[in-house]
Protein chains: 2
Amino acid sequence: MTPMPRMKTERARKLAAPATPPPQKQKRLSPGERKRDFIQKAAELFAEEGFGGGTRELANKLGVTQPLLYRYFPSKEELIEEVYRSVFLDRWDPEWDALLADRAVPIRERLERFYCSYTDAIFTRQWLRIYLFAGLKGLDLNSRYIEFVQERILTRIIVEYRHEAGLPPQEKPAAAEMELAWFLQGGIFYYGVRKHLYGLEVLEDKDRVIANALDVFLEGISRLFATSVRMRSAYGRRSVVRDEGAA
Amino acid sequence: MTPMPRMKTERARKLAAPATPPPQKQKRLSPGERKRDFIQKAAELFAEEGFGGGTRELANKLGVTQPLLYRYFPSKEELIEEVYRSVFLDRWDPEWDALLADRAVPIRERLERFYCSYTDAIFTRQWLRIYLFAGLKGLDLNSRYIEFVQERILTRIIVEYRHEAGLPPQEKPAAAEMELAWFLQGGIFYYGVRKHLYGLEVLEDKDRVIANALDVFLEGISRLFATSVRMRSAYGRRSVVRDEGAA
DNA sequence: TGCCTTGATTATCAGTCGATAATTTAGCGT
DNA sequence: ACGCTAAATTATCGACTGATAATCAAGGCA
């Protein structure tokens, strides 16, 4: 009801959005675009700050004000879940399923092609950090992703390896076999963590590192599986493949 | 000035410190004890909530009031660093140095003993969570721990393996060799992450999982090192051990 | 027993957080 | 050109954060 609220409004705008100085006329995006922008910038923010990153800082990255977020997401928690979905569920290339199961190609080459391509997709600072933040937060979506990895990658590795090695098929891989597949997965994964999370000096040729890891893994399990089949726990020596059931 | 402020005080105390109901007379600890208690409970809190865990919640766990924290630590950040120190720097058993370097024992057995004992120390929910939180926060203390692992564990594994395999000694392990050692470390580490961070069903016999991983690793690298020595990059095939220098 | 050091408490501040209600205004359809 | 829908803003709330100053009181020492 008083004169000149004009000047004050102008100043408030400048202070509120210093991140994007030039494009001041950004207004009225379609709901779809706005929502996508929120999710994308939120992924960037949460990757750096964790899910505790502020909604105001997020709004600044978009050049809008903070309450606008709540026109598109009922709560911050729901934004987080959508970020999570966009980062994880949409990055699986269906091609990989076919690749891993293609018995016309030797298992060695299948695994090399898969892991080189798969790590191209997930070995980014953003993906790895959000993955770890989500794990620490205990989101159930994270557990579901792990189960996905277990079913779509690791179980297949065991099944396909056994097939190529001429070992008898099983209904389900033994727990000890799954642990060996996880050993491979974890060993490769940690390369990405060292490089992109810790920023350490690593051997830069990622595909060569993967190839070496696969050499070690496949040579290693071939000897292990061979002995376990040959002696069938005749010795008291560790027998790997025998199932003790999952806990 | 009125009767019964007694009741109100009583209620306030109960609301403020519900964590430790019976010992209400806890007062006047020596500075040393109090400080240790703060660090220990802070480790528990930060492991669950991350370093964003509140100072009031921490005080509640101790049954004291929040400002008391600032008699022992100038700021929360400094408390975090002391927590970090107590969790990481004090858990290395000097015995492990001798164990890894003891050439009277076969490398296979040295590694098994070491990793079984080492993982007994670090495979706890608290250690793993603080380790990952610290990594995401980018604390330089974390980088220093990684370098420690690299020097005290991984370099030694390569050196000792090469010695036992009769390979010529090097001034420094090749970058590709360090990557293989990291592959082992990461593969074992991920077992702890799956169990204690994600709470997944794993094969419960940790020492057997480690033994299997070592079988695979040692068998694998023995073949790899042998071929690389035999053919010296005669083929165009990948040669592992040749150094390309660290980035 | 009474004092005095110091551990511990109460009261409080300034800043930030997620979220809500009311208001403004951009831009399409007529 | 106007008007209406809805995108975006301003203003604000209550809860919670780390931190400070002033006050209280436990317990060793005389």
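Only this structure's heavy atoms are used, side chains among them; waters, hydrogens and symmetry mates stay out. Below, chain A is the first sequence line, B the second, and so on; all start at residue 1.
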K.L.:
Atom CZ of Arg56(B) and atom C1' of dC13(C): how far apart are they, to the nearest Å?
P.N.:
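It is 11 Å, rounded to the nearest whole Å.
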
K.L.:
Looking across every strand, which nucleic acid part, if any, lies under 4.0 Å from Pro31(B) by heavy atom: base, sugar-phosphate, or nothing?
P.N.:
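Pro31(B): backbone/sugar contact only, no base atoms under 4.0 Å.
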
K.L.:
Could you say whether Arg71(B) or Pro74(A) is positioned toward the 5' end of DNA chain C, judged by the nucleotide with the nearest heavy atom to each?
P.N.:
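The residue whose closest nucleotide sits nearer the 5' end is Arg71(B).
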
K.L.:
Let me know the distance between NZ of Lys76(B) and C1' of dG15(C), rounded to the nearest Å.
P.N.:
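Computing the Lys76(B):NZ to dG15(C):C1' distance gives 15 Å.
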
K.L.:
Have a look at Ser30(B) and say if it touches a base, only the backbone sugar-phosphate, or nothing, with a 4.0 Å heavy-atom cut-off.
P.N.:
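The answer is nothing, as Ser30(B) stays clear of every strand by at least 4.0 Å.
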
K.L.:
Determine whether any donor atom in the side chain of Arg28(B) lies under 3.5 Å from an acceptor atom in the base of dA8(C), or the reverse, and answer yes or no.
P.N.:
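No, the side chain and the base share no sub-3.5 Å donor-acceptor pair.
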
K.L.:
Given atom CG of Leu69(A) and atom P of dG18(C), what is their separation to the nearest angstrom?
P.N.:
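Atom CG in Leu69(A) sits about 9 Å away from atom P in dG18(C).
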
K.L.:
Do the side-chain N and O atoms of Asn142(A) and Tyr84(A) include a donor-acceptor pair separated by under 3.5 angstrom?
P.N.:
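Yes - a donor-acceptor pair under 3.5 Å links their side chains.
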
K.L.:
So which nucleotide from dT20(C), dA8(D), dT20(D) ends up closest to the side chain of Leu68(A)?
P.N.:
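Selected nucleotide (nearest to the side chain): dA8(D).
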
K.L.:
Ignoring hydrogens and geometry beyond distance, is the side chain of Arg34(B) in donor-acceptor contact with the base of dG7(C) at under 3.5 Å?
P.N.:
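By the distance-only test, no, there is no pair.
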
K.L.:
Could you go step by step and tell me if Arg156(B) and Glu151(B) meet the salt bridge (charged side-chain N to carboxylate O under 4.0 Å, His left out) rule?
P.N.:
CA-CA 7 Å; Arg156(B) 252 183 199 139; Glu151(B) 299 305 316; over 6 Å; no

K.L.:
If you round to the nearest 0.5 Å, how far is CZ of Phe183(B) from CG of Leu214(A)?
P.N.:
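Spacing of CG (Leu214(A)) from CZ (Phe183(B)) equals 7.5 Å.
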
K.L.:
Round to the nearest Å and state the distance from Gln66(A) atom CD to dG18(C) atom C1'.
P.N.:
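In whole Å, dG18(C) C1' lies 7 Å from Gln66(A) CD.
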
K.L.:
So how far is it from Leu58(A) CG to Glu49(A) CD, rounded to the nearest 0.5 Å?
P.N.:
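The CG atom of Leu58(A) sits 11.0 Å away from the CD atom of Glu49(A).
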
K.L.:
To the nearest angstrom, how far is Leu58(B) atom CG from dC16(D) atom P?
P.N.:
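Computing the Leu58(B):CG to dC16(D):P distance gives 17 Å.
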
K.L.:
From dT9(D), dT9(C), dT20(D), pick the nucleotide closest to the side chain of Thr65(B)?
P.N.:
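For Thr65(B), the side-chain atoms sit closest to dT9(C).
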
K.L.:
Specify the separation, in whole Å, of atom CG of Leu79(A) and atom C1' of dA19(C).
P.N.:
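Distance check: Leu79(A) CG to dA19(C) C1' gives 14 Å.
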
K.L.:
Report the distance from atom CD of Glu77(B) to atom C1' of dT17(D), rounded to the nearest whole Å.
P.N.:
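One finds 14 Å between C1' of dT17(D) and CD of Glu77(B), rounded.
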
K.L.:
In whole Å, I'd like the distance from the OH atom of Tyr70(A) to the C1' atom of dT10(D).
P.N.:
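The distance from OH of Tyr70(A) to C1' of dT10(D) comes to 16 Å, rounded to the nearest Å.
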
K.L.:
Please say whether the positively charged group of Lys35(A), taken as NZ for Lys or CZ for Arg, lies over the ring of Phe73(A), i.e. under 6.0 angstrom from the six-membered ring centre and within 45 degrees of the axis.
P.N.:
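Yes, Lys35(A) sits over the ring of Phe73(A).
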
K.L.:
Give a yes/no answer on whether the side chain of Tyr72(B) brings an N or O atom under 4.0 Å of OP1 or OP2 in dA8(C).
P.N.:
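Yes, because at least one side-chain N or O of Tyr72(B) sits under 4.0 Å from OP1 or OP2 of dA8(C).
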
